[in-house]
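This report concerns only the one structure given below.
Residues: numbered from 1 along the sequence shown.
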Amino acid sequence: MDEDNSLLHFLETPSKHYSKTCDGFGSQNDGGDHSDSADTDPSNARERLEHLLNQPANKFCADCGTPDPKWAALPFGAFICIKCSGTHRSLGVHISKVISVNLDEWTDDEVNCLANSGGNATVNTRYEAFLPENYKKSREDFATEERATFIRKKYELQQFVTDPQFACPLRKPGSNKHHNQQHSSSKHGTFRNSWRKKDHDHKGVKKMMEIGMVEFVGLIKVDIIRGINLAVRDVMSSDPYVMIILGHQSMKTKVIKNTLNPIWNERLMLSIPHPVPPLKVQVFDKDTFSADDRMGEADVDIQPLISAAREYQSSMNTESAQICTFLASENCILVKDSVIAIVDGKVEQEIALRLQNVEHGELEIKLECVPLSQ
C-alpha cells in the first residue's frame, strides 16, 4: 500500500472500512476452492476467534485497558470490554457493530474481518497514531461520560488518526480567492446562515453525546417468535415486521410477506440503559409507496427480569427453577400467564402479548437478561 492510498484508508468512514473488509473476504471465499468444509465450519470459526482473543494485545480492552474483554467492534477489529461496548453501540451500527465473543454465533467472514484488522495492537497504532502526550486515554476507572468522549473522538471523529498539522483539507489553486469573493458578496447573510448551521450541528452533537453518556447495566436478548391473528392493513392481508425500542436504541425484524400469522424466530439484542425504561414492542405493515401502517404495540416492564438475573448471578443455584409468575387477565397485555425461570443457566421469560391500540392481534416473544458482569 503506497503512502497516498494509506492516507485515504485512514480517512475513509468506518462504515466504508467495514464494508470493504468484509466484502473483500466474501469475494475471496466466493472465488476460492470450497472443497475444504472447515472454512465454513462454525466450530472452526470459534477456534480461530479464541486464538485471536488469546493474543497478548487482545487480552485487554483496546479503549480502556480492562482485562479479559469479551466484546468486539467488528468495523475496527478491536476487542473491547462491556462498558466500552455500550458506547460503541450508541455510535450506531453504521459506525461500530458490536458482537459478543460468547453470546453470539460468529460466522467465518466475521472472524476474517477481525483477523484482517490485526487486533488491538494494530487498531491502536492506527486510531491513536497521533494521540497527544498530555491527553488522558480512557481507563478502566473512567466515568461513563469520559469514556464516551474518548471513544467518539477515537473512532467516530478519528481525531488521532492523522497529524493535526496536516489535518486541513487540500484546496485547488485559486480556491481561496473564490472563497473570499463569496464572503465579501454577502457578509451578513453568510454569517447568519453559518451561525444557524453551527447551532444546529451543535445540538446534534450534544444529543449524540448524551446518548453516549448512558450507563448500561447489561444486555437483553429478545426472541421474536410469531404473530397470531394480526390486523389486516392491505386488501386481504399484511406484510408485518416487528420493531423493538429500548431508550435510544431500536432494532427490527425482517418483513414477512402476505400473512396475518407470521413466524419470525428471530433474535434481537439491545443494551439495557440505567435507569431502565420499558421495552417498547411495535408491529408494522410494510408499505412500498407510503408510510408503514401500525399494527399494534405493547410496553413490557423488564425490571423484574433484570432483578431476577441479578439474584441468580449472586446465588449458588445452578438448577432450573421458576422464579416468579405474572398472571394474565382481560385488562392487561398478557394473553396467558408469564413465568420468569432459570433454564439451562439462563434467566428467561416467555411472554404472549395482547397488542394494544389495534383491532386484534397477539405477539409471542421470549426475553433473556444478561447482567453486566457476564
Side-chain angles (χ1 to χ4, degrees), residues 93 103-104 218-273 276-288 290-309 322-344 346-370:
V93 294
L103 302 177
D104 289 311
L219 294 172
I220 187 163
K221 299 179 182 180
V222 184
D223 291 342
I224 308 297
I225 300 172
R226 63 171 181 161
I228 302 173
N229 192 27
L230 300 181
V232 175
R233 286 295 179 264
D234 296 330
V235 178
M236 296 292 291
S237 187
S238 297
D239 301 327
Y241 69 90
V242 178
M243 175 177 287
I244 60 171
I245 302 172
L246 190 63
H248 295 286
Q249 309 161 88
S250 64
M251 294 191 73
K252 60 183 179 181
T253 66
K254 60 187 176 184
V255 177
I256 306 294
K257 294 286 187 178
N258 195 32
T259 180
L260 301 178
N261 297 283
I263 299 177
W264 283 283
N265 285 327
E266 190 170 342
R267 170 167 290 183
L268 307 176
M269 187 163 61
L270 297 172
S271 299
I272 303 174
V276 180
L279 175 69
K280 295 182 179 294
V281 182
Q282 301 174 339
V283 184
F284 292 91
D285 167 57
K286 181 66 178 179
D287 286 331
T288 304
S290 60
D292 295 347
D293 299 318
R294 291 182 175 273
M295 300 176 64
E297 59 191 5
D299 286 358
V300 181
D301 183 8
I302 61 174
Q303 188 63 63
L305 181 67
I306 298 173
S307 299
Q322 291 188 1
I323 299 177
C324 60
T325 302
F326 298 89
L327 302 178
S329 68
E330 295 182 357
N331 298 323
C332 75
I333 63 172
L334 295 179
V335 176
K336 56 185 179 182
D337 295 352
S338 177
V339 178
I340 296 179
I342 301 172
V343 181
D344 296 329
K346 303 175 183 178
V347 181
E348 300 177 343
Q349 181 179 9
E350 294 185 359
I351 307 176
L353 295 169
R354 180 181 293 110
L355 296 174
Q356 306 296 298
N357 302 318
V358 69
E359 306 94 294
H360 51 76
E362 301 173 10
L363 185 68
E364 293 184 359
I365 64 175
K366 183 171 74 173
L367 308 179
E368 178 190 343
C369 179
V370 182

Taking [X] for its side chain and [Y] for its backbone only, find out whether a donor-acceptor pair lies under 3.5 Å.
X      : Y      : value
Ser338 : Glu350 : yes
Gln249 : Ser271 : yes
Asp292 : Asp287 : yes
Ser238 : Leu260 : no
Asp337 : Ala328 : yes

Mind checking whether [X] and [Y] have side chains closer than 4.5 Å, heavy atoms only?
X      : Y      : answer
Cys369 : Ile302 : no
Pro278 : Asp301 : no
Asn258 : Asp239 : yes
Arg294 : Phe284 : yes
Met251 : Val222 : no
Ile256 : Ile263 : no
Arg233 : Val358 : yes
Ile244 : Ile224 : yes

Distance check, rounded to the nearest 0.5 Å: [X] atom [atom1] versus [Y] atom [atom2]?
X      : Y      : atom1 : atom2 : value
Leu305 : Phe326 : CG    : CZ    : 8.5 Å
Gln356 : Gln282 : CD    : CD    : 13.0 Å
Asp223 : Glu266 : CG    : CD    : 10.0 Å
Glu368 : Glu348 : CD    : CD    : 5.5 Å
Leu279 : Asp299 : CG    : CG    : 8.5 Å
Leu268 : Leu246 : CG    : CG    : 12.0 Å

Closest approach of [X] and [Y], non-hydrogen atoms and distance?
X      : Y      : value
Asn229 : His360 : O-ND1, 2.8 Å
Leu363 : Val281 : CD2-CG1, 3.4 Å
Ala309 : Val347 : CA-CG2, 3.8 Å
Tyr241 : Trp264 : CA-CZ2, 3.7 Å
Ile272 : Val276 : CG2-CG2, 3.9 Å
Val235 : Val232 : O-CG1, 4.0 Å

Q. So with a 6.0 Å cut-off around NZ of Lys221, is the heavy-atom count from everything else above 12?
A. yes
**Q.** More than 12 heavy atoms from other groups under 6.0 Å of CG on Asp344
**A.** no
Q: Please determine if Glu330 and Arg354 form a salt bridge, counting it only when a charged side-chain N lies under 4.0 Å from a carboxylate O.
A: no
Q: Output, in order, the C-alpha distance, side-chain angles, deciding distance and verdict of side chain to side chain contact (heavy atoms under 4.5 Å, CB included) for Ile333 and Ile351.
A: CA-CA 10 Å; Ile333 63 172; Ile351 307 176; 6.0 Å; no
Q.
Go through it in stages, so that I can follow the logic: the residues are Met295 and Leu355, the test is side chain to side chain contact (heavy atoms under 4.5 Å, CB included), and I'd like the CA-CA distance, side-chain angles, deciding distance and then a yes or no.
A. CA-CA 8 Å; Met295 300 176 64; Leu355 296 174; 5.7 Å; no
